[in-house]
Structures are given as C-alpha cells and as structure tokens.
Amino acid sequence: MPRPNPDAAPLWAWARWVDSKGRAHTRPDRRYPGFRNQYDGLELLHLRVDENRVLCTDFDQYHCVINRWPCASLDTGTWPPAEYDRWLDEHWDDPAEVKAIQYRANAIVDPAHLPDRWIQACLWTITPHDVADIRPACGKPDTIGNHG
C-alpha cells in the first residue's frame, strides 16, 4: 500500500482477536479480562473499511517481520518442536530477499478469509464513511457518559 503522503503514519486496528477459550471474534467483547482497565475513558471505533485499503497480518507472525527473523508457515504449530527448531536453524541466516518472500507468504492475511487467529489491520486513513459505531472502549455505557 503506497504511503499517501510523506508525513502519513499508518493506523493500526484489530481485524480479529481470540479469547481465552480460543474463539475468534471480529468485534471486541468489552467484558474480556484482557481489555479491563486498559482503555478506561477511551472510545472504541468499529470500522468497516474496503479490503483494498487494508493490510491484514497475523499478529504472531508479524513479530518475525519486525525482528527480521525467518517466518515459517502458520501450520508450524502442528510440527514437533524438534522439526520447527531444525527449520529455524536452516533458515535463520536466509538473505533479506528470501525472508521478504516468507513474510509475504506467511504473515500477510487475505482480509476476505481471516483465519481464527489474532489478526491486525493497518491502513493509512479513516474516513467518516468507515466508522460503523463509536462507543466507550470499556465499562458500562450508561456509567461513562453521553457518547451520542
């Protein structure tokens, strides 16, 4: 996604998150313990953005990208630990061009087919048309004040 202007900074959002029971969600559950006391007084924007304006990436796999590690496929969680360790050893010193191919294949996610994993979304702009809902990020709506 080309940067719209030199001063633009990407915006970050959750496209999918997974609760403690392994269930994937596209809308946050404000009762989820992981959200408690972190976002008090803030607003939660629910966005609907055209998939052509969003880059979705697997949250765990993106750690490989930002740390310049090799990036194995998502099914490595089913591999025996020794096999995964062997794969890492074989690919640790891969050149940047090879790792870039791994990142495209294993970290970027098709927004039309989100896997049941933590998926982050990056975009350059939010327009008023993109905003489907605004509500308090945490707490009971009737105790936070008027947000209408």
Side-chain angles (χ1 to χ4, degrees), residues 1-79 84 87-88 91-148:
M1 298 182 332
R3 180 178 284 203
N5 68 61
D7 296 327
L11 302 165
W12 178 87
W14 283 118
R16 180 160 291 183
W17 66 280
V18 180
D19 66 20
S20 60
K21 295 182 179 163
R23 296 175 299 211
H25 303 271
T26 55
R27 292 186 69 136
D29 180 347
R30 296 177 305 152
R31 300 166 298 179
Y32 178 64
F35 296 143
R36 286 193 193 131
N37 302 320
Q38 292 189 41
Y39 307 104
D40 293 341
L42 300 177
E43 303 293 322
L44 174 68
L45 298 177
H46 178 190
L47 304 173
R48 288 202 175 106
V49 180
D50 183 282
E51 66 185 50
N52 294 320
R53 294 180 35 226
V54 175
L55 175 66
C56 290
T57 56
D58 181 276
F59 179 71
D60 293 323
Q61 294 288 77
Y62 201 72
H63 285 86
C64 298
V65 177
I66 62 177
N67 290 302
R68 297 186 177 122
W69 297 339
C71 188
S73 65
L74 290 176
D75 70 351
T76 57
T78 63
W79 295 2
Y84 181 63
W87 186 91
L88 280 177
H91 294 278
W92 195 259
D93 294 321
D94 283 350
E97 304 80 37
V98 172
K99 288 180 181 173
I101 292 167
Q102 294 169 2
Y103 302 154
R104 281 188 213 96
N106 301 318
I108 296 175
V109 176
D110 179 356
H113 305 287
L114 296 177
D116 289 343
R117 296 173 55 91
W118 287 85
I119 304 297
Q120 55 195 2
C122 288
L123 58 157
W124 288 112
T125 59
I126 296 174
T127 69
H129 178 73
D130 298 330
V131 180
D133 187 34
I134 301 173
R135 60 181 59 195
C138 292
K140 296 179 182 175
D142 59 322
T143 63
I144 299 219
N146 184 0
H147 290 77

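Side chain of Arg53 to backbone of Thr125: a donor-acceptor contact under 3.5 angstrom is found. Here the side chain of Asp19 pairs a donor or acceptor atom with the backbone of Lys21 at under 3.5 angstrom. Counting only distance, with no hydrogens or angles, the side chain of Gln61 and the backbone of Ala72 share a donor-acceptor pair below 3.5 Å. Under the 3.5 Å distance criterion, the side-chain polar atoms of Trp124 are left unmatched by any main-chain donor or acceptor of Asn5. No donor-acceptor pair under 3.5 Å is formed between the side chain of Lys99 and the backbone N or O of Asp93.
Residue Ala121 comes nearest to Val54 through the heavy atom pair CB-CG1, 3.6 Å, listed as atom of the first residue, atom of the second, then distance. Nearest approach of Arg16 to Leu114, heavy atoms of both residues: NH1-O, 2.9 Å.
In this structure, the ring of Phe59 has its center no less than 6.0 angstrom from the ring center of Trp17.
Between Trp79 and Ser73 the shortest side-chain heavy-atom distance falls below 4.5 Å.
Ring pair Trp12/Trp14 is perpendicular by interplanar angle, where above 60° counts as perpendicular and below 30° as parallel.
Legend: ring pair (Phe, Tyr, Trp, His ring centres under 6.0 Å) pairs involving residues 95-114, not counting sequence neighbours: none detected.
Atom NE2 of residue His25 and atom CG of residue Asp116 lie 9.5 Å apart, to the nearest 0.5 angstrom. Atoms CD1 and CG, on Ile126 and Leu45 in that order, are 6.0 Å from each other to the nearest 0.5 Å. The CG atom of Asp58 sits 12.0 Å away from atom CH2 of Trp118, with the distance rounded to the nearest 0.5 Å. Of the inter-residue distances, the one linking Leu44 atom CG with Arg135 atom CZ reads 7.5 Å to the nearest 0.5 angstrom. Between the CZ atom in Arg48 and the OG1 atom in Thr26 there is a gap of 9.0 Å [rounded to 0.5 Å]. Taking CG of Asp94 as the start and CZ of Arg68 as the end, the distance is 15.0 Å to the nearest 0.5 Å.
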side-chain contact (heavy atoms from CB on, under 4.5 Å) assessment of Val131 paired with Leu47
CA-CA 5 Å; Val131 180; Leu47 304 173; 4.0 Å; yes
Which donor-acceptor pairs under 3.5 Å do side chains of residues 104-112 form with protein atoms, sequence neighbours excluded?
unit_1	atom_1	unit_2	atom_2	d
Asn106	ND2	Cys71	O	2.7
Asn106	ND2	Gln102	O	3.3
Asp110	OD1	Ala112	N	2.9

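Looking at residues two or more places apart in sequence or on another chain, you find no ring pair (Phe, Tyr, Trp, His ring centres under 6.0 Å) involving Tyr62.
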